[in-house]
Amino acid sequence: MTARRNRPQGFSTRAIHLGYDPAEHDGALTPPIYMTSTFAFETAEAGSEMFRGERAGYIYGRTRNPTQTILEERMASLEGGEAAMTAGSGMAAISSVMLTILNPGDEVIVDHTIYGNTFAYFTQALTRFGVIVHLADFTRPETVAELVGENTRAVFFETPANPNLRVIDIAEIARIAGRAGAVVIVDNTFATPALQRPLEFGADVVVHSATKYLGGHGDLLGGIVVGTADMIKQVRTTGLRWMTGATLSPFNCFLLLRGLKTLELRLERHSASAMAVARLLEDHGKVASISYPGLESFPQFDLARRQMSAPGGLIAFELDGGMDMGMAFMNKLSLVTRAVSLGDTETLIQHPASMTHATYGTEERARHGIGDGLLRLSVGLENVDDILDDLDQALNAL
Ligand SMILES: *Cc1c(COP(=O)(O)O)cnc(C)c1O
């Protein structure tokens, strides 16, 4: 019995309980929402001491709030990091980190297949401030090694990558970037810590669009950053407080705390249903190609199995007849909903070339492996037979 009690608590137990004791809140089972912009100082001296960092306590809601703190402690634990910081959206999390660590003249190496607005942030926004951005194919780590130099301040990638699910070897990239002392930042939105923990493979910082699986119900926008206590302190006091001001509402923290409670459970079901959908699509005569990390035909099937505990809920595929057929197919769906975003209870489908990745130029998309006919499906939590029936009827109606 003693040995059992000494083992660390499991993922879902921490997602449900960590950092909150009802006894400290009049027995309330669920953490209260501290909907306050500012915090009263007991004395003038106490306030001054807090500002000097000599006394613990909450000062003002842009940087810290007690509802946020519970969520941050839980996310830090789930990702295996020392600390975490919430932000108003995934883009707010990413930009708060980058604005904290970058100076003009610094170089950043970014994988060439990432979420469209992150791509625009790196290639169109940061470049305006004298940051040099290199794109590379991170599935071939040697191309990253060729670009790493003494000015490389950060490397950034998603795995699995949005929208085509390419999987990147986190440990290998961390090894290459570590030689130059660059900060390795992984966007873990697609896998979530329920399936993959990049810090365990040597990454320095994890960022999330909490809008997706962490929230999980399509009712909020949010972002999270996880890293060392020192890094998070810097991002909070510089990136968040001075530069972006992109604070997450305590109400959204409450919704995210609720989402986290079922994260592991949901990802198991998303993965199982996506596997069934992937098999249907792979075997269908009208499907030209499919990319899903759980299929033996997936080019990085072994790497995905090593790095992720399950393949996740996203599938990318292309129909015979390319973009026109893909658009016609989307219009024939009735249960599956035409919408961007992902990780929700509802099954969602979208067309990256004209939607989430329209920030890429046509040639850039071709060069970066985002086909014009590619469709991205986020398999939801409806009964899998209903999802399969809807996809099947739409394919057969073409
Ligand atoms: C959606 C998304 C983002 C941006 O997050 P927002 O919450 O929409 O700002 C960043 N990275 C990935 C992988 C995403 O899917």
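Counting starts at 1 for both ligands and their atoms, in listed order. Keep in mind that this is a model prediction, so the values were computed, not measured. Side-chain atoms are counted along with the backbone in the values below, which use heavy atoms only and exclude waters and symmetry mates.
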Indicate every side-chain donor-acceptor pair of residues 119-135 with a distance under 3.5 Å to a residue at least two apart or in another chain.
{"unit_1": "T123", "atom_1": "OG1", "unit_2": "F119", "atom_2": "O", "d": "2.7"}
{"unit_1": "T127", "atom_1": "OG1", "unit_2": "T123", "atom_2": "O", "d": "3.0"}
{"unit_1": "H134", "atom_1": "NE2", "unit_2": "E107", "atom_2": "OE1", "d": "2.8"}

Quick one: do the T238 and T100 side chains pair a donor with an acceptor below 3.5 Å? no
Result for ring-ring contact (aromatic ring centres under 6.0 Å, His included) between Y58 and one of F51, F39, Y34 points to F39
For residues 245-258, run the donor-acceptor check on the side chains, cut-off 3.5 Å, and write out each pair with its distance to 0.1 Å, sequence neighbours left out.
{"unit_1": "T247", "atom_1": "OG1", "unit_2": "R62", "atom_2": "O", "d": "2.6"}
{"unit_1": "S249", "atom_1": "OG", "unit_2": "F251", "atom_2": "N", "d": "3.0"}
{"unit_1": "N252", "atom_1": "ND2", "unit_2": "L221", "atom_2": "O", "d": "3.0"}

Inter- and intrachain pairs under ring-ring contact (aromatic ring centres under 6.0 Å, His included), touching residues 201-244, at least two apart: Y213-H270
List, pair by pair, the atoms of ligand 1 and of the protein that are both N or O and lie under 3.5 Å apart, giving the separation rounded to 0.1 Å.
{"unit_1": "ligand 1", "atom_1": "5 (O)", "unit_2": "S209", "atom_2": "OG", "d": "3.0"}
{"unit_1": "ligand 1", "atom_1": "7 (O)", "unit_2": "G90", "atom_2": "N", "d": "2.8"}
{"unit_1": "ligand 1", "atom_1": "7 (O)", "unit_2": "S209", "atom_2": "OG", "d": "2.8"}
{"unit_1": "ligand 1", "atom_1": "7 (O)", "unit_2": "T211", "atom_2": "OG1", "d": "2.6"}
{"unit_1": "ligand 1", "atom_1": "9 (O)", "unit_2": "S89", "atom_2": "OG", "d": "3.4"}
{"unit_1": "ligand 1", "atom_1": "9 (O)", "unit_2": "G90", "atom_2": "N", "d": "3.1"}
{"unit_1": "ligand 1", "atom_1": "9 (O)", "unit_2": "M91", "atom_2": "N", "d": "2.9"}
{"unit_1": "ligand 1", "atom_1": "11 (N)", "unit_2": "D187", "atom_2": "OD2", "d": "2.6"}
{"unit_1": "ligand 1", "atom_1": "15 (O)", "unit_2": "N162", "atom_2": "ND2", "d": "3.2"}
{"unit_1": "ligand 1", "atom_1": "15 (O)", "unit_2": "K212", "atom_2": "NZ", "d": "2.8"}

Is a donor from one side chain sitting under 3.5 angstrom from an acceptor on the other, for N103 and R153? no
